[in-house]
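Working notes, structure below.
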Amino acid sequence: MQLSRTALLEAYRKMRTIRTFEDKVHDLFETGELPGFVHLYAGEEASAVGVCAHLDDEDRIISTHRGHGHCIAKGCDVEGMMLELFGRRDGVCGGKGGSMHIADLSKGMMGANAIVGGGPPLACGAALAAKTLKTGKVAVTFTGDGGSNQGTTFESLNLASVWKLPLIFVFENNGYAESTGSGWSVAGGDIVRRAPAFNMPGVQVDGFDFFAVHEAAGEAVERARRGEGPTLLEIKFGRFYGHHEGDAQTYRAKGEVAKLKAEKDPLAGFRKRVTSAALLTAADLDAIDAEIETLIEGSVALARKSPMPDPKVDLLTDVYIRY
Amino acid sequence: MQLSRTALLEAYRKMRTIRTFEDKVHDLFETGELPGFVHLYAGEEASAVGVCAHLDDEDRIISTHRGHGHCIAKGCDVEGMMLELFGRRDGVCGGKGGSMHIADLSKGMMGANAIVGGGPPLACGAALAAKTLKTGKVAVTFTGDGGSNQGTTFESLNLASVWKLPLIFVFENNGYAESTGSGWSVAGGDIVRRAPAFNMPGVQVDGFDFFAVHEAAGEAVERARRGEGPTLLEIKFGRFYGHHEGDAQTYRAKGEVAKLKAEKDPLAGFRKRVTSAALLTAADLDAIDAEIETLIEGSVALARKSPMPDPKVDLLTDVYIRY
Amino acid sequence: MARILTYREALREALRQVLEEDPTVIVMGEDIAGGLGAPGELDAWGGDMGVTKGLFGQFGPERILDTPISESAYIGAAVGAATCGLRPIAELMFVDFMGVCFDQLLNQGAKFRYMFGGKAKTPVVIRTQYGAGYRTAAQHSQSLYPLFAHVPGLKVVIPSTAYDAKGLLISSVRDDDPVVFFEHKVLYDEARDHVPEAPYAIPFGEANFVREGEDVTIVAIGRMVHVAKRAADKLAQEKIEVELIDPRTISPLDEDSILESVEKTGRLVVVDEAHPRCGMAADIAALVADKAFKSLKAPVKCVTAPHTPVPFSPVLEDAFIPSDMAVAAAARTVMA
Amino acid sequence: MARILTYREALREALRQVLEEDPTVIVMGEDIAGGLGAPGELDAWGGDMGVTKGLFGQFGPERILDTPISESAYIGAAVGAATCGLRPIAELMFVDFMGVCFDQLLNQGAKFRYMFGGKAKTPVVIRTQYGAGYRTAAQHSQSLYPLFAHVPGLKVVIPSTAYDAKGLLISSVRDDDPVVFFEHKVLYDEARDHVPEAPYAIPFGEANFVREGEDVTIVAIGRMVHVAKRAADKLAQEKIEVELIDPRTISPLDEDSILESVEKTGRLVVVDEAHPRCGMAADIAALVADKAFKSLKAPVKCVTAPHTPVPFSPVLEDAFIPSDMAVAAAARTVMA
Ligand SMILES: Cc1ncc(C[n+]2csc(CCOP(=O)(O)OP(=O)(O)O)c2C)c(N)n1
Ligand SMILES: Cc1ncc(C[n+]2csc(CCOP(=O)(O)OP(=O)(O)O)c2C)c(N)n1
Ligand SMILES: [Mg+2]
Ligand SMILES: [Mg+2]
């Protein structure tokens, strides 16, 4: 699939936004400014962006605890996200959700989800709604290697196949679930081997390579749109930070992260590929880098001066629509 | 594997006991003498007996809602079982469990289980205990085709593989989960296709054929005893009665059950095979039939005159060991 | 002339009517039609208890969906679809099975609206069977609604009559929040009463005064309403006039009606088939011990199932279920 | 001289000691060692909160077992292994995750003994984290112990101090029934107190009288004991003498101690971080409204978290958690 200049610029912009957002959040967490459990997506950008490039606002995705990248790729407002992480009233979830529950239904982003395996059943529902209402839309559920072992995930694979849902299971295999290696926790090592068990196609993809992800995801989405049912994608790559902020990462090999950053950075790979093929220029990309830097800095500045929710008003609202 | 005369007689005795027990329970339910949910195992005898022939009292099995056959195959006392179905104080569970919770831990029978998919995790535990305590014992979990779709079952397959447990997953595919066909509910139709997804050997077996089950189970049990980990067996056959007593079975083909009984009866098949190979005589088998008839009739008679539990004494006991 | 339906028929009529009135309503569950992938009849079961029988024929496979035995996946699918424009009604065959799928309600459906800052709407209904009396033993006889009432974001509905069953189910489906709807397995046939044919909705949080009286307030839930009614009849012969309240929904709970009644009678007995610890009886007793304390003339008595699993043996199970005798005895105690 | 340990250290010491004293004790959970199948260090995490750190080195992979993210399978495995001669301690990282694995406790472990006619013994301990205050939002901050206390067959333990944490964990492991052991995530570092080195066991069902007083009984659970203690200090300055009771185990519950105290003071405030509906506060209030009614001089007040999910924003979360001010206000109300 040949990508247009606009599409390429957009893909890079999204990936750069994720990277800069995450690097910034990392710093903010280190200084103690951000609280809670925060899981960063840096290094995995090609997956979210490569998949979501095929989707519009009515296609739906469900994410995991590591959700910032999926949000950005799906078009969520970056300022609203930053405010949310700061727990501010004007955050995308009013400050009530935080990093692990960030969502924007209006963008088809059905939420980060802090229950590992929480998303796949919900995604079956999103896909079922599309099928029932004949919208031609699809759903995508992102799950980690660790989450691939959750019973809810397996059930969803089977249900999606039996119901022939327009659903793509994207397994983001970054090699670890917290500190546990996926080669150990996933029997047999490869998640893609589970696809035949559920009678669906499965594809393993180099997740550092935006173009590989983009192509595999495109086929899966097309298949789903044609009504041919679900596909399993296993995206293999590595995360640039710890499991969550504060993780000392002693379970990783010495130099592993440095090597990843040096040799496998999906943004660097993208840059090399598009500039060497003369699809985009370094200047195009540099301009985006600068633009995004400003965007993220601005969102932090805005978050800092934004009001907190008011416990008297906001604590008890939004539990029910009516009670 | 060549079976001794004793082993053959024992296998037939067990199968006949199951059949006669179930036929009798069917009649008792029809007359209204037995209450509750009762699921009969008739037609599936070769599975329980073919598998349990390789086990002793310290090997453990976990069953399903359709548990009578597994109990008998594992050596539970038939009178105690019948009393249990009648809700009597001297039933194997004191009348507190009933058909769906019949158990005898002293025989390594860890219980029928009325939660579909409830057993496999527990069986992982039984296998783990054997492994940890280095007893050389194994565990077997029986699950239906319907139960193969439960998340707990999938998780257990993965865990057993990852922990390399001495565990055999016996999937009894009788074609239906209640009224739902397994060709529909199991994506792809065959449960055995799931074995490679969990990096374990999988074997599909004709479940009407005692010898086929016996051989496949023997290999799986040996493998487990050797410390080589779990195996998945898919036993394909059909049940002679409805899902539970009272099921009108309109989802089955006309004449399906009659045909099964006429052509696929595992007891008849066994008889034919052993007599034509002159391993046992018809007289040997007839004697067992008569013996078992007496046993079951006797157990019903005993149950009828046995005392009920005493609500004042028995309702509140056995919740805790100490509280 | 009164049109008499069973609880089962009333539920089926409600389902048919909501399916007719709103094309976004779908129904899903294990064997709710039945016969899929089987060589015989379709709609072979119509649900474990026959409640959904006939819907498949009328509404077809796109709206009446059978599922594999994968409660997490399909209950979650119902929750997810509810956020995407459908109004799914999912059947959890027995509430005892909540343990394999609770997360999709506890942490997902119940919390979306709050976690997402008020921006989600999750109009899903989970229909489920509960209760003892059917000789189905420990894993098929529980009354686990206290576990759902504990969870903010869920609404919990427990009809005791065929009339309420229909009206409350219609309300549940039209409601924009997640609802867990409890059907007592013994009532499917036992409860038979007047049910108008035209659709009607019974509002949540409005208790039903089954009987008015001056002496003692009895609050009873679900099937226990019938048990309490029998107790009240007995007590009337002893000149003890019971005010019998059926909350109908326990979340929201009609606190005002209960408090007003206790302010009048000064005495309260709560009757609940659920276990006693952290149960609905305690919930209501605590409410009254706080907000109607001044009016109370006697200890608040709870008549509940014991703190034991549900036994199989009929003699034990019958002793497990709160009886009209136990309710009457409790009422006499608070009158003494 | 007093040996001061944190709650975390006390728990770790208890684990080490039970592993040393009984070879059938094993420990399992996600990343309780950490580093399996990874290229770096083993025992890299020692649990999400570092409680189990070091055990892997001492006891090895046969007794300290990491698991895939498959809570049903491994919690169930712990339950199953407990019936087969082991004494497993399984960690459910956050109690919020109960929704993906509850069945193995609700319908399996809790019910074996009863269903099997008294013939099963299931000595399993589920260690789990609960509670708000860590900014971990709706799916990682709940206090769901009422859902476990409701279930006959389970024991529920909630230590509030390092001393109790050690003694109760040792009792839990030595106990022959299934125990769910709740650790408050904020207490791991905050609670620090005297902990003797030699193993000791604190019996279940024996409340701790944290403070004796004549005016008002406050029953507080888990971390709320500390909140109530601060409230009691304030109230003491106003000449209101609080009797503060920490039940330590909520199933079994030391009813006698609570009732005796209320018989003395005539007043009760219950403080609980769990949600109010069908919660522990209601449970205790109902107990007193029945069995100590005659002694009660004022309404029973419950100070609990609200009927809302746990919010993320620190300002909201702080308002969500019952405060010493709210407790003191409730005490003043019942004294008025
Ligand atoms: C049901 C459940 N179990 C455990 C956890 C704790 N937990 C959060 S993230 C995580 C690891 C997830 O690993 P993976 O799925 O590979 O995603 P990654 O973090 O690598 O993106 C675990 C165990 C949880 N949040 N939910
Ligand atoms: C968790 C759970 N879901 C649903 C049920 C209801 N149920 C009991 S048996 C059954 C069908 C089981 O089918 P299968 O596993 O194939 O076993 P079979 O009855 O054919 O032996 C169902 C749906 C249950 N008991 N537990
Ligand atoms: Mg991972
Ligand atoms: Mg079957």
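Just so you know, these numbers use all the heavy atoms, side chains as well, and skip hydrogens, waters and symmetry mates. Residue numbers begin at 1 in each chain, while the letters A, B, ... track the order of the sequences. Note that the coordinates shown come from a computational prediction; the quantities given were computed from them, not determined experimentally.
- In terms of heavy-atom pairs under 4.5 angstrom with chain B, the leader among D/Gly205, D/Gly153, D/Gly118 is D/Gly153.
- Using modelled atom types, one finds no donor on one side chain facing an acceptor on the other under 3.5 Å when comparing B/Thr317 with D/Tyr114.
- Both the backbone and the side chain of D/Lys121 come within less than 4.5 Å of a heavy atom in chain B.
- Contact check for B/His101 versus D/Phe112: no side-chain heavy atoms found under the 4.5 Å cut-off.
- Looking at B/Ile321, both its backbone and its side chain come within 4.5 Å of chain D, counting heavy atoms on both sides.
- Looking at B/Leu167, there are no atoms closer than 4.5 Å to chain D (heavy atoms on both sides), in backbone or side chain.
- Atoms CG and SG, from B/Leu105 and D/Cys84 in turn, are 7.5 Å apart once rounded to the nearest 0.5 Å.
- Contact tally against chain D (heavy-atom pairs below 4.5 Å) for B/Gly91, B/Ala103, B/Gly94: the top residue is B/Ala103.
- At a 4.5 Å heavy-atom cutoff, the contact between D/Phe116 and chain B is made by backbone and side-chain atoms alike.
- Interatomic distance, OH of B/Tyr320 versus CG of D/Leu154, reported as 6.0 Å (0.5 Å rounding).
- Counting only heavy atoms from C-beta outward, the side chains of B/Thr152 and D/Asp103 never approach each other to under 4.5 Å.
- With values rounded to the nearest 0.5 angstrom, D/Gln104 atom CD is found 4.5 Å from B/Leu122 atom CG.
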Exercise for the section: Dump the intermediate steps for side-chain contact (heavy atoms from CB on, under 4.5 Å) on B/Trp163 and D/Met28, then the final yes or no. Expected result: CA-CA 12 Å; B/Trp163 277 356; D/Met28 61 173 81; 3.8 Å; yes

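- Panel note: side chain B/Lys131, backbone D/Glu62; no donor-acceptor pair is recorded below 3.5 Å.
- D/Asp175 touches chain B through its side chain: at least one heavy atom from C-beta onward sits under 4.5 Å away, while N, CA, C and O do not.
- Proximity to chain B (any heavy atom under 4.5 Å) is shown, for D/Ser251, by both the backbone and the side chain.
- Put simply, CG on B/Leu128 and CD1 on D/Ile26 are 4.5 Å apart, with the number rounded to the nearest 0.5 Å.
- Neither the backbone nor the side chain of D/Val124 comes within contact range of chain B; no heavy atoms are under 4.5 Å apart.
- Most heavy-atom pairs under 4.5 Å with chain B, from the set D/Ser70, D/Ala110, D/Gly109: that is D/Ser70.
- A distance of 11.0 Å separates CG in B/Leu159 from OG in D/Ser72, rounded to the nearest 0.5 Å.
- A donor-acceptor contact shorter than 3.5 Å is absent between the side chain of D/Asp176 and the backbone of B/Arg322.
- Interface summary for chain D: among B/Gly108, B/Pro121, B/Cys124, B/Pro120, the most heavy-atom pairs under 4.5 angstrom belong to B/Pro121.
- Heavy-atom pairs under 4.5 Å with chain B were tallied for D/Cys101, D/Pro152, D/Gly76, D/Pro61; the largest tally goes to D/Gly76.
- Top candidate by heavy-atom pairs under 4.5 Å with chain D, chosen from B/Asn158, B/Asn113, B/Leu165, B/Thr135, is B/Asn113.
- Here the straight-line distance linking atom CD1 of B/Ile62 with atom CD of D/Gln108 works out to 8.0 Å at 0.5 Å rounding.
- The greatest number of non-hydrogen atom pairs below 4.5 Å with chain D, out of B/Gly151, B/Ala126, B/Ala139, is found for B/Ala126.
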